[in-house]
Structure formats: C-alpha cells, structure tokens
Amino acid sequence: MLDNLNQDVSILQPSLQMTDSQVQNRIRQMKMEDPDEQTCYQKFCNLFTIEYYREYFDVTTELVIAKVVNAFNPFSGTFFDIGGGIPELYGPFWILNTLIFTIALSVNIIKYMQLQPGEHFEYQFEIVPFLAIFMYLKTLIVPMIYRVALKCVSQDRLTLLHCFTIYGYSAVVMIPISLLNSIPNPAIQWMLLVYVLFAQTSFLTSNFNQELKYLPKEKKYMIVGLVAVVQITIMILYKFYFFSSFNYQQLGLVKKRMNTHILQHILGAN
Amino acid sequence: MTDNQQVPFGSGMFQGQAKFVDYAHMNQQEVQVNTLDEPVTDTLLRDINMILYKLSYVIIPRMKETQGRKLRNWDLWGPLLLSLLLAMTLGINSNQSSDTIFGTIFIIMWGGSAVITVNAKLLGGQVSFFQSVCVLGYCVFPINIAAVLITFFQSYFGFFLRIIIVGVAFLWSTFSSLSFMSSMMNEEKKVISVYPIFLFYMFLSWFCIFI
C-alpha cells in the first residue's frame, strides 16, 4: 500500500528530472549549436524529421489517463501539476479526433431518429469535412488568443504549448455530452449544452487561476472574461450549426442546387 | 519441384511457391530471364498467394508476438484491394453521394493508417512506416466481410443483427492488429498507441451499420 502511495504522489509532484527523450534532445541541441558538427541537412531539414517532434509526444498511458480524469473535474486547479506540467500534443490531437468522430456520429443518430417510416436513411457525409476544419481551426486559434492575453498581463510561465495542452484536454468533457446529445428531447439538449459550457470554462479558469493568483483583480477578471466569451461563442456555433434540426434539409438542399447549377453551366443551358 | 522458400529475384524478396532452380550452376542472365518467361498466371498466382497468406494471419489473430513477424514482408497490394472493395461496397447502396462515400473511405483508410503509424513513431516505437501501413490495411479484412454481408443481404438483417455483425468484425480487426502494434512499443505506451487503431476501426465500422 505504501508503494501505491508513492506512485500516486510521484504522478502529482512536479518532477525536476528530465525524461530520456528530453535528455537526448538536449544533447542534440548542444551538438546542433556547434556549427562544425552540422551537416547541411541538419541545418535546414531538421523540421522534417520525426525526432524533432518526439519531444512533444513524451507521454505514458498513466499520464494521459491522469490528465483526462483531471479534466473531467471542473474545480480542481491541479492540471499543471500532473507529470511536472510538461506540455504535450498527444492528448489534444487524439481527443480532437475522438470528438470529431462522436459529433459526426451523434448528428447522424439524430437524423436517423427523425426519419419518416418510408424513407431510406442517407448517411450524412458532408458534415464531416466541415466539422473537422472547424475543430482544427478552433484548437489552433483559441490557445493563441489565450497566450496573447496571458502575455498582455505579463504571465510568462505558461507557454503556447501549455495553452494547447490545456485547451485540448478541456475538450474531453464534450465527448460523452455529444453522445448524449442524440437524445431527441430539446430540453435535455439545452441542459447538456449549458453543462458543457460551465464545465469547460471553469476548468480553464481554475487552472489559469493557479498561475494568476498574484495578479491584481482587474487583470484576473479580464482573462476569465475572455475565456468565458470565447467558450460561449464556440458553443453557440456548435448548437446552431451542428445540432439544430432544420439544418439537415438545408445542407441537402444546398448541395443539390449547387450540382444542378454547375451542370447547367457546363451544358450551356440558360 | 516446387518449394516454399524465400527466393531472391530482381531487387526484392518474395515468399510463396517458387520453382526450385539450381542457382549455383546458372548465371545471372538466366535467373532474370526465368521470371520474365514464366506464364502470367504464375506471376499473378504468386502475388495472390502472398496476399492470401497474409490474410490467413488476419483471420486467425495470433496473440503471440513472435508469430506476427511474418507480416513484416510488407506489400501494399492487399491493402489497396481491400480498401477499394470496402469503399465500393459501402458506396453502392447510396443514391446521391456514392462518390463522396468512396472518396471519404479511401482517404480515411490510407490517411488514417499513415497518421497512426506516425503517431507510433513519435511515441518512440521502432516501427517501419510501410510495415505498419500494410498491417493496418490487411486487418480491415473482417470489416470488409461485414460490409459485403450487410450490403448484399440487406433484407435479412435487422438493425440489431447488423450491430452484432459489425461489432464482431470490429473486435476481430482490432485483435488482429493488436499483436503486431503492441510488440513494437514499450509497456507503458501500449494503450496510447493502440487507442488510435481502435478509433480508426470504429470509424470504419460505423459506416457499415448505417449504409
């Protein structure tokens, strides 16, 4: 039992040692900075090797699961204490892909349930590329906004990668919620939406708060306000584009109209 | 006399049935002419045998890691045929968007395999790129079977039976690729390198249910 205790504590305590790949990266960096040792390939094409990006994927299963479980809890501000607060991109990337999959799935389930008895069900594909682009853009742009805001209040301990990490993990809450969203009752859907908004915003703010504790109040409220406003905007976009029932016919109609228009244009019809 | 052995020809190796030739007493010219002279059926059968041999590894998933080693002679014919078959069977039943479906499945299969392989490499696994793409492509075979069954025998299968068939196919696929992928990674990173495979096959399986 004491062993388990040590293990638990070691996950939560910030570690001062560098992991293996970080040590290797450091050695490589020091070699790289010596201009005699560099080949031309190393000077310019380092960006295209896999080893360059390995540093950002330095995770183990335990770490990922601990972070995911932490992300479901909106009030503990301990996200950056797990595993030494090392930023990584594995979690955000795969959580994003899972989210795209579950939202596409739930949109199709909603459409399936709205089917009239005689109709043949057409799997709606057109939504997947749009959804993917929306999600990837959101995950790229919003952490940059956060980083800029943090820079404005001169908070330098959280880098851009930290913002990517925490924003990516905060999206975990949406995964079960989007599956539950396929329940046809609109009251339940609105309640779920409000819950997600609340959970994500408070997770982000309680974690940023740990870093911002020593700032004067106006700056703190500015950051918190910015986080909340961005989240609300995104949730409204989700709701009115992906989860509202009138949009499916619209999407179908738009595609049909486009096709006939292009065909007429090609055939030279008036 | 036919023999199952690895015979060098040209610049590559292949496994399968080969006519036993006495290379010690033949010069290089004669060896190369041999494979050009053979009937086309021989060439095709050799490749088809290779594909079937690998498919037998998929059908009977081997959990012991040493037995997955035979899949290391990668080839991309099998994944190509399987992905075309899957995309075509899933696109047949759709009225308006069969081309979108075909394109989406094809891209997701190849793009997904590439992303999963790059992910495994980034996490520190010693996996060769094309071996991994090959294994992931071959392991789509059970989902292919499920798709063909559901598409061509649609009237016999209700919704719940479809879910059961697709579920079985999905689990089968995942177990087949599990032994190969998890043998490449450290103990502590196995789950996080296998999770993307799980997601990938689940994405492909859901298409089979709704078509």
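Given the structure is predicted, the values throughout are model-derived calculations rather than measurements. In the text below, chain A, chain B and the rest are named by the order of the sequence lines, each starting its count at 1.
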Heavy-atom proximity to chain A below 4.5 Å, by part of B:Leu199:
side chain

Most contacts with chain A, counted as non-hydrogen pairs under 4.5 angstrom, among B:Asn119, B:Val191, B:Leu123, B:Val118
B:Asn119

Report the C-alpha distance between B:Ile192 and A:Val59 in whole Å, list the side-chain angles of each, state the deciding distance to 0.1 Å, and finish with yes or no for side chain to side chain contact (heavy atoms under 4.5 Å, CB included).
CA-CA 9 Å; B:Ile192 51 179; A:Val59 285; 3.7 Å; yes

Steps toward side chain to side chain contact (heavy atoms under 4.5 Å, CB included) verdict (A:Phe93, B:Leu122):
CA-CA 13 Å; A:Phe93 183 69; B:Leu122 282 168; over 6 Å; no

Straight-line distance of B:Phe200 CZ to A:Asn97 CG, nearest 0.5 Å
12.0 Å

Could you tell me which portion of A:Ile65 (side chain, backbone, both or neither) has an atom closer than 4.5 angstrom to a non-hydrogen atom of chain B?
neither

When rounded to the nearest 0.5 angstrom, what distance separates CZ in B:Phe198 from OG1 in A:Thr98?
9.5 Å

Does B:Glu188 offer a backbone N or O that forms a donor-acceptor pair with the side chain of A:Thr61 under 3.5 Å?
yes

What part of A:Tyr90 is in contact with chain B, defined as an atom under 4.5 angstrom from a non-hydrogen atom: side chain, backbone, both or neither?
side chain

Please round to the nearest 0.5 Å and tell me the distance separating atom CH2 of B:Trp206 and atom CD1 of A:Ile109.
5.0 Å

Distance-minimising heavy-atom pair for B:Lys121 and A:Arg54
O-NH2, 2.9 Å

I need the A:Asp58 CG to B:Lys189 NZ distance, nearest 0.5 Å.
5.5 Å

